[in-house]
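See structure below.
Source: prediction; values computed, not measured.
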Amino acid sequence: MIILGEDSQRMKDRDAQSHNISAARAVAEAVRSTLGPKGMDKMLVSSMGDVTITNDGVTILQEMDIDNPTASMIVEVAETQEDEAGDGTTTAVALAGELLKNAEDLLEQDIHPTAVIKGFHLASEKAREEVDDIAENVDPDDYELLKKVAETSMTGKGAELNKDLLAELIVDAVKAVTVEADDGSNVVDLDFVKVETQTGRSAGESELLNGAVIDKDPVHPDMPTDLEDASVLLVDEPIEIEETDVDAELQLSSPDQLQQFLDSEEEQLREKVEAIKASGADVVFCQKGIDDMAQHFLAKEGILAVRRVKKSDIKFLREVAGASIVSDLDDIDPEALGTATISRSEDDELFYVEGDDAHGVTLLLRGSTKHVVDELERGVGDALDVVATTVGDGRVLPGGGAVEVELARRVRDYADSVSGREQLAVEAFADSLEVVPRVLAENSGLDAIDTLVELRAAHEDGQVRAGLNVFTGDVVDTFDAGVVEPAHAKEQALASATEAANLVLKIDDIIAAGDLSTGGDDDEAGGPPAGGMGGMGGGMGGMM
Ligand code: ADP
Ligand code: MG
């Protein structure tokens with residue numbers, strides 16, 4: 001249920017809770033069918049008519065026009081997961097939805113929300129501890145394993161068809177920007193990996209390039225396009241006559257005066273080009289425009305110039321060429337210039353800019369149409385993040401629901417040690433974890449109950465890595481089967497799903513703006529709602 005443009009009103013206690021829970025669950029329902037390799041895609045049409053076809057949880061939720069505040073809190077779960085881990089957004093949202101569903105059952109049994117919140121919090125902490133115990137430490141140089149991490153993340157996405165090639169490019173890209181810190185840990189800076197897309201060719205022709213790719217033409221046909229060890233100047237100001245702020249009117253009394261005026265403009269441009277030449281630049285990448293006359297002078301000097309280069313490209317070129325960005329052409333510090341080898345592909349109408357010490361790499365993704373490349377880019381983006389996480393963190397988990405079933409088992413055991421009503425909430429948390437294998441089975445057309453029974457039996461039997469092979473329906477050691485996920489993403493999903501569920505459960509009163517000045521005041525005069533909520537919020541802050 002997604003509520004759009006409600007009139008102002010107020011809801012309290014169970015009404016408020018069940019309203020919130022339904023809204024949050026509706027969001028979770030919306031993405032469930034996309035989970036896993038056999039998940040389906042969604043087609044999202046914006047009010048402008050733009051179409052997005054995707055399987056990516058966070059993209060779906062961001063594109064959906066969600067107008068309900070509680071539902072938006074669940075969307076935030078996906079966004080946090082995307083920011084912190086880069087993958088696992090559907091899992092996090094599905095888990096939040098399931099926690100709330102099971103919480104509602106407890107509330108119906110008159111268990112106070114505080115007990116549920118406390119139980120969820122305890123269970124979530126326990127589950128995260130156990131993630132660390134289940135996780136396998138891997139060698140961050142294990143190329144094959146990193147490839148599997150990338151492939152698992154891309155399975156079922158648009159990127160899947162070429163996942164072998166793409167996984168290699170992704171691992172190579174991450175490796176190219178990994179440096180060892182003083183303490184021996186690996187630091188991956190994905191800012192040095194730029195993902196570019198191009199339509200027209202197949203995804204199998206995607207490639208990893210040292211340096212940057214600039215999808216622009218030279219400003220003049222007579223300019224050189226291939227330059228070895230060229231001095232590179234990056235400019236973020238226009239190479240044009242400075243426009244006056246006010247409209248000036250020119251009073252001319254003779255044709256000579258006009259000529260004089262034009263001459264002086266030409267002179268200014270000539271001076272700018274002189275300054276560029278004097279700096280020793282062989283190539284200029286300009287973020288803004290370049291005047292026609294200046295283009296002509298630059299061509300005459302044999303300097304390659306490219307205009308209206310994207311700001312992000314200029315910044316990336318700075319890394320690639322080891323240059324600084326110049327804003328004032330009258331005062332160019334020779335130190336600001338960098339060095340790079342430039343070559344041009346006439347077929348693709350691109351410049352390749354390769355720096356000396358290869359500070360940055362570009363992953364050039366190709367695909368037949370825009371929809372294809374866009375979804376490819378999302379899949380590859382997730383995979384880059386999980387590989388980077390794995391290289392940095394070194395811990396991975398068996399996928400295909402294996403870790404969730406194992407966590408559920410361990411959290412259930414732990415519940416025995418929890419007293420009071422919280423125990424029921426800890427058990428409910430354990431049940432909620434099983435939403436992942438259940439939905440993976442459902443989405444693969446398997447019987448969810450049979451699958452879960454089989455998985456639980458395997459885990460009771462000590463097979464910690466038993467998960468679902470969604471293609472055969474068998475329970476297998478998913479780690480050996482190459483279905484591996486970074487541990488960090490799972491910890492993040494557990495944390496953010498629990499936080500969101502608890503945030504929703506803490507609300508016992510919804511006051512929508514508008515009519516409140518009348519109805520609301522009366523209610524508040526009665527005391528409990530406002531005061532009660534304030535007290536509750538304060539008391540539970542530490543539990544989140
Ligand atoms: P999310 O947005 O949560 O990453 P995905 O649609 O990417 O959602 O699905 C991730 C889930 O799919 C994980 O639980 C992962 O273990 C599982 N998965 C990925 N590949 C396989 C596979 N080959 N077999 C079984 N499960 C898989
Ligand atoms: Mg994923």
Side-chain angles (χ1 to χ4, degrees), residues 35-39 81 85-92 94-95 126-140 142-156 160 163 167 171 382-383 385-387 389-413 430 432-441 443-444 446 448 451-494 497:
L35 184 79
K38 294 247 185 151
Q81 182 71 18
D87 194 13
T89 53
T90 316
T91 305
L95 182 58
K126 177 69 182 166
R128 274 176 283 158
E129 266 171 51
E130 294 299 329
V131 163
D132 193 54
D133 186 66
I134 298 168
E136 309 261 345
N137 284 313
V138 296
D139 175 4
D142 186 340
Y143 194 85
E144 287 307 312
L145 184 109
L146 294 177
K147 257 184 78 180
K148 286 178 187 157
V149 171
E151 283 177 14
T152 301
S153 165
M154 285 188 290
T155 316
E160 179 171 13
K163 70 176 180 182
V171 176
D382 284 5
D385 283 327
V386 293
V387 173
T389 307
T390 309
V391 168
D393 177 62
R395 295 176 307 149
V396 294
L397 294 168
V403 62
E404 285 84 1
V405 177
E406 182 63 20
L407 288 175
R409 194 181 70 77
R410 295 187 185 192
V411 172
R412 260 185 217 111
D413 281 351
S432 308
L433 289 167
E434 288 176 341
V435 70
V436 173
R438 207 148 14 90
V439 174
L440 283 176
N443 289 350
S444 315
L446 301 166
T451 308
L452 204 55
V453 168
E454 215 182 316
L455 281 168
R456 279 187 186 171
H459 283 262
E460 282 306 326
D461 198 32
Q463 299 172 38
V464 175
R465 311 195 299 195
L468 179 64
N469 177 340
V470 293
F471 299 104
T472 61
D474 296 330
V475 167
V476 296
D477 180 324
T478 44
F479 193 94
D480 287 347
V483 180
V484 278
E485 305 175 62
H488 172 73
K490 201 63 77 184
E491 289 168 343
Q492 182 62 45
L494 289 166

Of all heavy-atom pairs between [X] and [Y], which one has the smallest distance, and what is that distance?
| X | Y | result |
| --- | --- | --- |
| L397 | F479 | C-CD1, 4.5 Å |
| P486 | V149 | CD-CG1, 4.2 Å |
| L440 | V470 | O-CG1, 4.2 Å |
| V464 | I134 | CG1-CG2, 3.8 Å |
| A481 | V476 | CB-CG2, 4.4 Å |

Taking side chain to side chain donor-acceptor pair (under 3.5 Å) as the definition, give me every residue that meets it alongside [X], ordered by chain and number, with sequence neighbours left out.
| X | answer |
| --- | --- |
| R128 | S124 |
| K38 | none |
| D142 | none |
| S432 | N102 |

Kindly write out the residues that satisfy side chain to side chain contact (heavy atoms under 4.5 Å, CB included) with [X], not counting sequence neighbours, or none if the list is empty.
| X | result |
| --- | --- |
| V483 | T152, T478 |
| T155 | P37, E160, K163, F471 |
| D382 | D56, E82, D87, S153 |

For [X], salt bridge (Lys or Arg N to Asp or Glu O under 4.0 Å) partners two or more places apart:
| X | value |
| --- | --- |
| D461 | none |
| E151 | none |
| R465 | E136, D477, D480 |
| E454 | none |

Does the pair K126/E130 count as a salt bridge with the N-to-O cut at 4.0 Å?
-> yes
Sequence neighbours left out, what pairs pass salt bridge (Lys or Arg N to Asp or Glu O under 4.0 Å) with at least one residue falling in residues 389-408?
-> D132-R395, D393-R395, R395-E491, E404-K490, E406-R409, E406-R410
